[in-house]
Amino acid sequence: MEKLRCCGNFLESSKPYFAMISLQFGYAGMNIITKVSLNRGMSHYVLVVYRHAFATAVIAPFALIFERRGQPKITFPVFMQIFILALLGPVIDQNFYYAGLKYTSPTFSCAMSNMLPAMTFFMAAMCRMEKIDVKKVRCQAKIVGTMVTVAGAMLMTLYKGPIVELFWSKNLHPKQSYADTTGATDKDWVKGSILLILATLAWASLFVLQAKALKTYKNHQLSLTSLVCFVGTLQAIVVTFVMEHKVSAWQIGWDMNLLAAAYAGIVTSSISYYVQGMVIKKRGPVFATAFSPLMMIIVAIMGSFILDEKIFLGGVIGSILIVVGLYSVLWGKHKENKEREGEMEIEDEPIKPIQPNMLLVGDIEANQVLELQKNEANDKLSTLVLTMPMPESPIKHNSDHCLNPPLNTTVTINNSSLV
């Protein structure tokens, strides 16, 4: 029985780890499948439209079932919040990310996406939503982590270096490489890096602005997600009509293009939202974000096998710097959350009432203790009231016609004297 109980406790405590590891494999598969689809000629504008159309179709029914009651009213300010969130997320972030992925590689794109916590901290500090105290170690860790992350991104952008040969990719033939068919030059590499940085900046801005929208949709997060995906789909359609003038770009069949759109919409934008939300609710946001470098490693291994992707020295060094900066920011954020939890526990702790006879000797000096005891004794004596019946006078027996009843006299003791 004890062994079964230990196994059950182990499995229960391991669920968040298995969930986040599975989620990183899901994200890695999205990057590989999307890269193959983009290399085969699919427009990233059309891919964004189909992706969020699938996401809306999957999330909206759950929002109608579980969050039908108590829906917030969509006023003009609320609609503008949803409109801006959809513009930053589905439109700007996804289009820039897919364009950067097309010009670079999946591993490079995943490494750039690890800049998100540092970018979010920078945006929150600019909007005065993040308090910065340079004297505290946690703030110093977040500032240094942000600087190291930016340095890693700049190194990956401006320096490629020699190719790093992996031991399992030496026997692969370069003729079968999808990366070679794209004809990516150094100019395209820099362009793709800038697009990825802009995408990460838009993603961080979405997180900062989403904090305000969640105050309105505090208990209706599925509804907010479905509305953002739906409005983002409409915006992406308008952008695609402006940027893509060929009708054939909208054609999609039972091929890799459909798989990329459905996989990204269902797995990345729907299932991952639910799984990550449950993990954040149970273990916190820092725990969920700490697994993001694992996606980069998975993509590097899968990309070398499937795409024969070339990994450059500059990318390796820059990725290491970004991961170091990431964990520095996460450590500072973890310490900040611990301090907030401690403050909340102190505020929520009930204040115990002090008993009348209880003296806090540690807080009161000895002379004040003696004085307080004297005052307490005097107060007790002054408030002690005795009710005593008066002895009947012998005259009363001779006066049967007296109408007044026997009198009661109140005697008050004050400083040991009778009044």
Side-chain angles (χ1 to χ4, degrees), residues 21 24-40 96-119 145-200 289-330:
I21 292 173
Q24 301 311 312
F25 275 98
Y27 283 135
M30 185 273 295
N31 281 274
I32 298 297
I33 295 173
T34 302
K35 178 64 175 178
V36 174
S37 177
L38 293 174
N39 287 346
R40 292 187 175 185
F96 281 3
Y97 183 82
Y98 284 153
L101 177 62
K102 184 177 182 179
Y103 287 125
T104 57
S105 66
T107 306
F108 188 89
S109 303
C110 293
M112 283 291 188
S113 65
N114 288 322
M115 295 175 57
L116 181 62
M119 285 284 190
T146 302
M147 296 174 63
V148 172
T149 301
V150 173
M154 295 299 296
L155 179 64
M156 293 180 66
T157 303
L158 301 177
Y159 175 72
K160 292 179 68 174
I163 298 176
V164 177
E165 292 288 345
L166 302 176
F167 66 90
W168 61 77
S169 62
K170 292 181 179 180
N171 298 326
L172 295 178
H173 299 286
K175 293 182 180 180
Q176 298 176 355
S177 173
Y178 282 105
D180 292 341
T181 59
T182 59
T185 61
D186 293 339
K187 186 177 180 180
D188 292 336
W189 193 270
V190 175
K191 186 191 300 183
S193 303
I194 295 173
L195 290 172
L196 290 172
I197 293 174
L198 292 175
T200 308
T289 315
F291 286 84
S292 57
L294 179 62
M295 175 182 62
M296 178 179 62
I297 299 173
I298 298 171
V299 169
I301 297 174
M302 294 176 64
S304 62
F305 278 107
I306 300 174
L307 304 177
D308 192 16
E309 179 185 345
K310 292 181 174 60
I311 299 175
F312 297 93
L313 180 62
V316 174
I317 300 175
S319 300
I320 294 173
L321 289 176
I322 288 177
V323 172
V324 171
L326 167 70
Y327 282 113
S328 179
V329 174
L330 292 179

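Reckoned from all heavy atoms, side chains included, excluding hydrogens, waters and symmetry mates.
A heavy-atom distance below 4.5 Å is not found between the side chains of Ser292 and Tyr27. Side-chain atoms of Asn31 and Lys35, non-hydrogen and from C-beta on, never get closer than 4.5 Å to each other. Counting heavy atoms from C-beta outward, Gln24 and Pro293 have side chains that stay 4.5 Å or more apart. Within the 4.5 Å cutoff, side-chain heavy atoms of Tyr97 are placed close to those of Ser109.
Listed for the Ser37 side chain is no donor-acceptor partner under 3.5 Å among the backbone atoms of Thr34.
When all heavy atoms of Leu307 and Pro106 are compared, the closest pair comes out as CD1-CG, 3.7 Å. Residues Ile311 and Ala300 approach most closely at CD1-CB, 4.1 Å, considering heavy atoms. What you find for Thr104 and Gly100 is that their closest heavy atoms are OG1-O, 2.6 Å. Annotation for Met296 and Ala111: closest pair SD-CB, 3.4 Å, computed over non-hydrogen atoms. Across every non-hydrogen atom of Ala28 and Met302, the tightest pair is CB-SD, 4.2 Å. Nearest heavy-atom pair, Leu326 versus Pro117, reported as atom, atom and distance to 0.1 Å: CD1-CG, 3.1 Å.
A side-chain N or O of Thr107 and one of Glu309 form a donor-acceptor pair less than 3.5 Å apart. No hydrogens or angles considered: nothing links the side chains of Tyr327 and Asn114 as a donor-acceptor pair under 3.5 Å.
Considering only residues two or more places apart in sequence or on other chains, Met147 meets the side-chain contact (heavy atoms from CB on, under 4.5 Å) condition with Ile143.
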For a side-chain contact (heavy atoms from CB on, under 4.5 Å) check, start with the C-alpha distance between Met112 and Thr157, then their side-chain angles and the critical distance, and finish with the verdict.
CA-CA 10 Å; Met112 283 291 188; Thr157 303; 3.4 Å; yes

Please determine whether side-chain contact (heavy atoms from CB on, under 4.5 Å) holds for the pair Met295 and Ser113, giving the CA-CA distance in whole Å, both sets of side-chain angles, and the decisive distance to 0.1 Å.
CA-CA 10 Å; Met295 175 182 62; Ser113 65; 3.8 Å; yes

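Remark: Phe108 CZ to Lys160 NZ distance equals 9.5 Å, nearest 0.5 Å. In this structure, Ile32 CD1 and Ile298 CD1 are separated by 10.5 Å, a value rounded to the nearest 0.5 Å.
A 6.0 Å sphere centred on CZ of Phe291 holds more than 12 heavy atoms belonging to other residues, nucleotides or ligands.
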Show every donor-acceptor pair shorter than 3.5 Å between a side-chain atom in residues 315-324 and any protein atom, with sequence neighbours excluded, or say none if there are none.
residue : atom : partner : partner atom : Å
Ser319  : OG   : Gly315  : O            : 2.5

Atom pairs and distances, side-chain donor-acceptor, residues 193-200, under 3.5 Å, sequence neighbours left out:
residue : atom : partner : partner atom : Å
Ser193  : OG   : Trp189  : O            : 2.8
Thr200  : OG1  : Leu196  : O            : 2.9

